[in-house]
Engineer: 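Pasting a structure below so you can have a look.
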Amino acid sequence: MLMNTPSLPLLLVLTGLLAGCATNPKTGSPTLKDAYQDDFMIGVAINQKQFTGEDTNGAALIKAQFNSISPENVLKWEIIHPRPGENGYDFEPGDRYVDFGETNGMYIIGHTLIWHSQTPRWVFRDANGRALNGTNSADRELLLKRMHDHIQTVVGRYKGRIQCWDVVNEALNEDGTLRRSPWQRIIGDDYIEKAFQYAHEADPDAVLRYNDYSLENEPKRKGAIALIQKLQARGIPVTAIGSQSHVKMDWPALEQVDATLSAFAKLGVKVMITELDVDLLGRSESAEVAEMQREITSNVYSNGLPDAVQQALARRYAGLFSVFVKHRKDIALVTFWGVSDGDSWLNRGRMNYPLLFRRDHKPSPAFDAVINTAHR
Ligand code: XIL
């Protein structure tokens with residue numbers, strides 16, 4: 001009997017073959033980056049414990065499954081450039097992040113240069129650190145100088161090593177108009193073009209991305225398209241658009257995702273999904289989903305995810321990836337915003353399950369669904 005029983009590794013390889021030839025040679029299990037190798041790169045946002053290797057299981061999963069990384073926080077202004085003046089930069093975490101990506105041969109993303117959030121208050125104050133009358137009091141000239149210094153220093157430091165930068169993040173309101181961020185109020189609408197110009201000066205070969213959320217909603221999508229076209233008409237080097245894709249179970253509809261990707265493909269820039277996750281605890285429009293979630297604001301899944309929800313999440317992920325695969329010729333990269341559920345920013349003290357790997361780093365049914373949706 002025993003003689004004819006295939007060994008466990010062989011069985012794993014055979015199962016992997018059936019799952020689409022996307023197996024990890026070491027484990028025999030399918031991997032995301034292999035399953036999607038003919039479609040687009042598969043990225044993941046990583047934290048300091050992961051890229052320093054302190055989280056050994058997390059680091060191993062990143063290396064096995066993904067071929068691109070984004071820094072969840074360490075390249076944001078407040079971390080890399082917390083203070084004004086000569087000794088204002090802290091490069092150590094960013095350096096370790098980039099080293100990790102290079103060692104593992106990954107497509108390395110820089111996130112993010114100009115954003116209203118996670119930017120220290122001093123950036124918008126006057127030269128003496130004052131916020132006169134309680135308002136930001138840097139003037140246009142001073143803020144442009146700070147922007148230039150920051151971009152030149154940070155992009156310049158990783159020139160040729162970070163392949164793609166989020167130059168401007170979340171500049172739009174829901175209605176598609178420009179957000180009145182401190183950048184916009186102090187510099188004016190042209191802060192966006194200045195940021196792209198400075199980034200291009202600092203690394204002419206880097207892919208330069210405009211990144212935002214809720215672009216699936218038509219007014220905001222139209223605003224983003226108009227913004228990119230305006231920049232292009234002025235010769236500004238914007239070369240990619242990032243749709244963050246922090247989605248829910250019932251928003252956006254797949255038709256909205258499809259329409260968004262079709263419209264972006266026509267812009268002639270690289271299209272990327274940059275921060276994908278599915279929030280199971282977000283406010284829901286549909287009664288059906290709300291019923292499934294019961295009390296959406298509470299910690300309903302603190303004792304684990306019921307099988308029915310697990311399956312619904314797998315179908316949601318399959319649906320999203322079927323649309324991404326449809327647009328595989330135009331999509332360069334799909335990045336998940338976190339490795340395992342335990343790492344996700346969406347927990348906020350509750351138990352959420354937005355990603356493909358559970359808290360124990362084991363793949364969920366949604367992982368299998370994504371693997372099985374790759375183009376063959
Ligand atoms: C989030 C991080 O995941 C959190 O750790 C941090 O506390 C806040 O920022 N849009 C972005 C990301 O562009 O940088 C945000 O990341 C999520 C929303």
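Since the model is a prediction, treat every value here as computed from it, not as a measurement. Start at 1 and go down the list; that is how both ligands and their atoms are numbered.
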Engineer: If you round to the nearest 0.5 Å, how far is CZ of Phe357 from OG of Ser344?
Structural biologist: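 CZ of Phe357 is found 14.0 Å from OG of Ser344.
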Engineer: Measure from NZ or CZ of Arg348 to the centre of the six-membered ring of Trp345, then state whether that distance is under 6.0 Å and the direction lies within 45° of the axis.
Structural biologist: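 Positive - Arg348 is close enough to the ring of Trp345 and near enough to its axis.
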Engineer: Between Glu72 and ligand 1, does any nitrogen or oxygen pair lie at a separation below 3.5 Å?
Structural biologist: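 So ligand 1 has an N or O lying under 3.5 Å from an N or O of Glu72.
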Engineer: Between Asp95 and Arg157, is there a salt bridge with N-O shorter than 4.0 Å?
Structural biologist: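 The answer is yes: the pair qualifies as a salt bridge.
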Engineer: Could you check, using the six-membered ring where one of them is a Trp, whether Tyr97 and Phe100 have ring centers closer than 6.0 angstrom?
Structural biologist: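 No - the distance between ring centres of Tyr97 and Phe100 does not fall below the 6.0 Å cut-off.
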Engineer: Identify the closest protein heavy atom to atom 8 (C) of ligand 1: which residue and atom is it, and at what distance?
Structural biologist: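 Result: Gln118 OE1, 3.4 Å.
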Engineer: Under a 4.0 Å heavy-atom limit, does Tyr213 contact ligand 1 with its side chain, its backbone, both, or neither?
Structural biologist: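 For Tyr213, there is no contact with ligand 1 at all, from either part.
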Engineer: Which heavy atom of the protein is the closest neighbour of atom 11 (C) of ligand 1, given with residue, atom name and distance?
Structural biologist: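 Ranking protein heavy atoms by distance from atom 11 (C) of ligand 1, first comes Glu275 OE1, 3.0 Å.
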Engineer: What protein heavy atom is closest to atom 1 (C) of ligand 1, reported as residue, atom name and distance in Å?
Structural biologist: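 For atom 1 (C) of ligand 1, the nearest protein heavy atom comes out as Lys76 NZ, 3.6 Å.
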Engineer: Any nitrogen or oxygen of Asn211, main chain or side chain, under 3.5 Å from a nitrogen or oxygen of ligand 1?
Structural biologist: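 Not met; the criterion fails.
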Engineer: Asn73 versus ligand 1: do any nitrogen or oxygen atoms come within less than 3.5 Å of each other?
Structural biologist: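 Yes, since at least one N or O of Asn73 sits under 3.5 Å from an N or O of ligand 1.
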Engineer: Salt bridge or not between Lys159 and Asp203? Use side-chain N to carboxylate O under 4.0 Å.
Structural biologist: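 Judged by the 4.0 Å cut-off on N to carboxylate O distance, Lys159 and Asp203 do not form a salt bridge.
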Engineer: Can you list the atoms of ligand 1 that are under 4.0 Å from a heavy atom of His111?
Structural biologist: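 Matching atoms, with element in brackets: 11 (C), 12 (C), 13 (O), 14 (O).
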Engineer: Do the side chains of Asp99 and Arg161 get close enough for a salt bridge, i.e. N-O under 4.0 angstrom?
Structural biologist: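 Yes, charged N to carboxylate O under 4.0 Å.
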Engineer: Look at Arg358 together with Asp341 and state whether they make a salt bridge at an N to O cut-off of under 4.0 Å.
Structural biologist: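 Salt bridge: yes.
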Engineer: Heavy-atom pairs closer than 4.0 Å: do any link ligand 1 to the side chain of Thr112, the backbone, both, or neither?
Structural biologist: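 Under 4.0 Å from ligand 1, Thr112 contributes no heavy atoms.
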